[in-house]
Amino acid sequence: MKKLFLSVLCTSMAFAGFAQNEAKALFDSGKSKFGKFDNEQVKLQMQQAVDSAAMCESLISGYEDLVKALPLDTIFETEKDGSPKIDKKTGKQKVKTKFSKDIVGLISGHHNDFAMVGSLYNENRDYANAAKAWEIYVSLPEAEFLGDKKPVLADSTVALFSYYTGVMYYQVKDNQKAFNAFAKAIKKGYNASESKEMLKYESQMIVSAYIDAKDYAACHSFLDNAIAEFPKEALFVMFKGIVAETETDDIENAIGLYKKATELDPTLAQAQYHVGRYYNNKAVNLMNAEENKNLNDAELAKIINPYCEQALPYLKKAVELDGQNNEAKRLLRWVEDRLNM
């Protein structure tokens, strides 16, 4: 048993040593890159020639190295005999770090530089890296690894730069990251109408891609999260209905969601159309049912007209809100013809 314990301990110590060496290499690399950035920034402030691309890359790459180093910077403390030093409060082996304090200081001290670098990337139309820089900028005030060194940033600033981040991700067609950025902007109080429109656009792109790939589970998960974040947004509820109907090829699995969407937002034309379509389909299916083929018009009307009457207000509203929906117009004409017989 003692040999086994020693073997496990040696393996653990060897792994810890490897991790610490990797942490040092990443720390040294990140610190060096931050140093290069600082030198170039001084030149920029003195209006000297600067390689702005290299300067920006040094900051982003340096940050990535330092963040990777943090979880590896763990030294397991031992007693003089090599056995683990146990924390009496937690019952776990005590640990200490060697570089983490410096890493936190470096990152926190360069917080505002990420906003500036994002602007430089944007000016050079490097939208992917602009998004990355601004995403880091707005994330650091909430970064738990910074502890009490988290920078303070007004919600209005977080909201604005999150919106900028979303626009950058939109430019490079990264729909999921764009959605996340616009969602954060809205959550932080960015109320400009374009942010909400972009959020809806990105959600439509994401849902369409999932449906095309027939990845319904992932699509439902995305929409469930979106609904949890924005419970009053009817579009996400309607999209969930569309996914449910597409997945099962059965509108019965979606009608509850379509109705809920119309209740959340009576001006959502497509939701009005889907509910109207549901009742129209009910009427058409009954009209074509084998057991109803020998009924006269009066007898048939008693069966299908109640569904036409339920379809009518939804289809009227759908056409009123969206005059380009020709299918809604066609269904409305059919329903009106049935009821005017």
Side-chain angles (χ1 to χ4, degrees), residues 16 19-46 50-75 77 94-124 126-166 168-169 177 180-181 183-185 187-190:
Q20 190 60 207
N21 290 337
E22 184 69 11
K24 183 180 187 307
L26 287 166
F27 169 69
D28 289 343
S29 175
K31 183 178 179 181
S32 174
K33 290 172 183 177
F34 268 33
K36 290 178 182 178
F37 170 82
D38 292 339
N39 292 335
E40 291 300 306
Q41 191 178 38
V42 169
K43 293 180 184 178
L44 186 66
Q45 292 169 348
M46 296 177 66
V50 170
D51 185 343
S52 61
M55 181 182 76
C56 293
E57 196 277 335
S58 293
L59 183 71
I60 300 298
S61 181
Y63 169 81
E64 291 173 343
D65 286 345
L66 294 175
V67 169
K68 289 176 184 175
L70 275 173
L72 299 173
D73 184 28
T74 301
I75 300 173
E77 296 189 55
K94 288 185 176 181
V95 297
K96 61 182 178 181
T97 60
K98 188 173 183 180
F99 311 110
S100 294
K101 185 177 180 180
D102 290 335
I103 290 172
V104 166
L106 282 168
I107 292 174
S108 181
H110 284 81
H111 176 233
N112 288 325
D113 295 320
F114 290 100
M116 181 268 289
V117 162
S119 296
L120 288 176
Y121 274 130
N122 183 36
E123 289 173 10
N124 292 325
D126 187 344
Y127 301 126
N129 277 316
K132 185 184 293 186
W134 284 335
E135 192 169 38
I136 294 169
Y137 177 61
V138 299
S139 73
L140 292 182
E142 300 172 353
E144 291 302 321
F145 67 80
L146 292 180
D148 60 3
K149 296 295 183 181
K150 290 194 290 286
V152 177
L153 201 59
D155 281 353
S156 58
T157 304
V158 174
L160 181 61
F161 276 88
S162 294
Y163 174 75
Y164 291 161
T165 301
M168 295 298 99
Y169 279 128
K177 288 186 177 180
N180 293 342
K184 185 169 186 174
K187 285 288 189 180
K188 289 294 184 178
Y190 194 79

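As a basis for the values below, the full set of heavy atoms in this structure was taken, side chains included, without hydrogen atoms, waters or symmetry mates. Treat the numbers as computed from the prediction; the structure is a model and nothing was measured.
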(message) Return the CG to SG distance between Asp51 and Cys56, rounded to the nearest 0.5 Å.
(response) 9.0 Å

(message) Can you tell me how far apart CE (Met168) and CD (Glu135) are? Round to the nearest 0.5 Å.
(response) 13.0 Å

(request) Determine the minimum heavy-atom distance between Lys150 and Pro141, stating which atoms define it. (result) CD-O, 3.3 Å

(request) Give, for atom NZ of Lys184 and atom OG of Ser162, the distance between the pair rounded to the nearest 0.5 Å. (result) 5.0 Å

(request) Might you work through the salt bridge (Lys or Arg N to Asp or Glu O under 4.0 Å) test for Lys31 and Asp102, ending with a clear yes or no? (result) CA-CA 9 Å; Lys31 183 178 179 181; Asp102 290 335; 5.9 Å; no

(message) Let's go through Glu40 and Lys43 carefully: what are the C-alpha distance in whole Å and the side-chain angles of both, what is the deciding distance for salt bridge (Lys or Arg N to Asp or Glu O under 4.0 Å) to 0.1 Å, and is it a yes or a no?
(response) CA-CA 5 Å; Glu40 291 300 306; Lys43 293 180 184 178; 3.3 Å; yes

(message) Could you measure the distance from the CG atom of Asp28 to the CG atom of Leu66? Nearest 0.5 Å is fine.
(response) 10.0 Å

(request) Using a 4.5 Å cut-off on heavy atoms from C-beta on, say whether the side chain of Leu120 contacts that of Met55. (result) yes

(message) Run Glu142 and Lys188 through salt bridge (Lys or Arg N to Asp or Glu O under 4.0 Å) and show every step you take.
(response) CA-CA 13 Å; Glu142 300 172 353; Lys188 289 294 184 178; 3.2 Å; yes

(message) As an exercise, state the distance from CZ of Phe161 to CG of Leu153, rounded to the nearest 0.5 Å.
(response) 8.0 Å

(message) In terms of relative ring orientation, are Tyr163 and Tyr190 parallel, tilted or perpendicular, with 30° and 60° separating the classes?
(response) parallel

(request) Evaluate the side-chain proximity of Asn122 to Trp134: yes if any heavy-atom separation is below 4.5 Å, no if none is. (result) yes

(request) Flag the pair Lys149 / Ile107 as yes when at least one side-chain heavy-atom distance between them is below 4.5 Å, and no otherwise. (result) no

(request) Measure across Lys33 and Ser61 and return the closest heavy-atom pair with its distance rounded to 0.1 Å. (result) NZ-OG, 2.7 Å

(message) Among Tyr63, Phe37, Tyr137, exactly one meets ring-ring contact (aromatic ring centres under 6.0 Å, His included) together with Phe114. Which residue is that?
(response) Tyr63

(request) With the side chain counted from C-beta on, respond yes when Asn124 and Ser52 share a heavy-atom pair under 4.5 Å apart, and no when they do not. (result) yes

(request) Report yes if the side chains of Phe34 and Asp65 come closer than 4.5 Å at any heavy-atom pair, otherwise no. (result) no

(request) Please examine the side chains of Lys132 and Glu64, heavy atoms only from C-beta on, and report whether any two atoms are closer than 4.5 Å. (result) yes

(request) Look at atom NZ of Lys187 and say whether more than 12 heavy atoms of other residues, nucleotides or ligands are closer to it than 6.0 Å. (result) yes

(message) In the structure I gave you, are the side-chain heavy atoms of Leu26 and Asp73 within less than 4.5 Å of one another anywhere?
(response) no

(message) Using 0.5 Å steps for rounding, measure from the OG atom of Ser29 to the NZ atom of Lys24.
(response) 11.5 Å

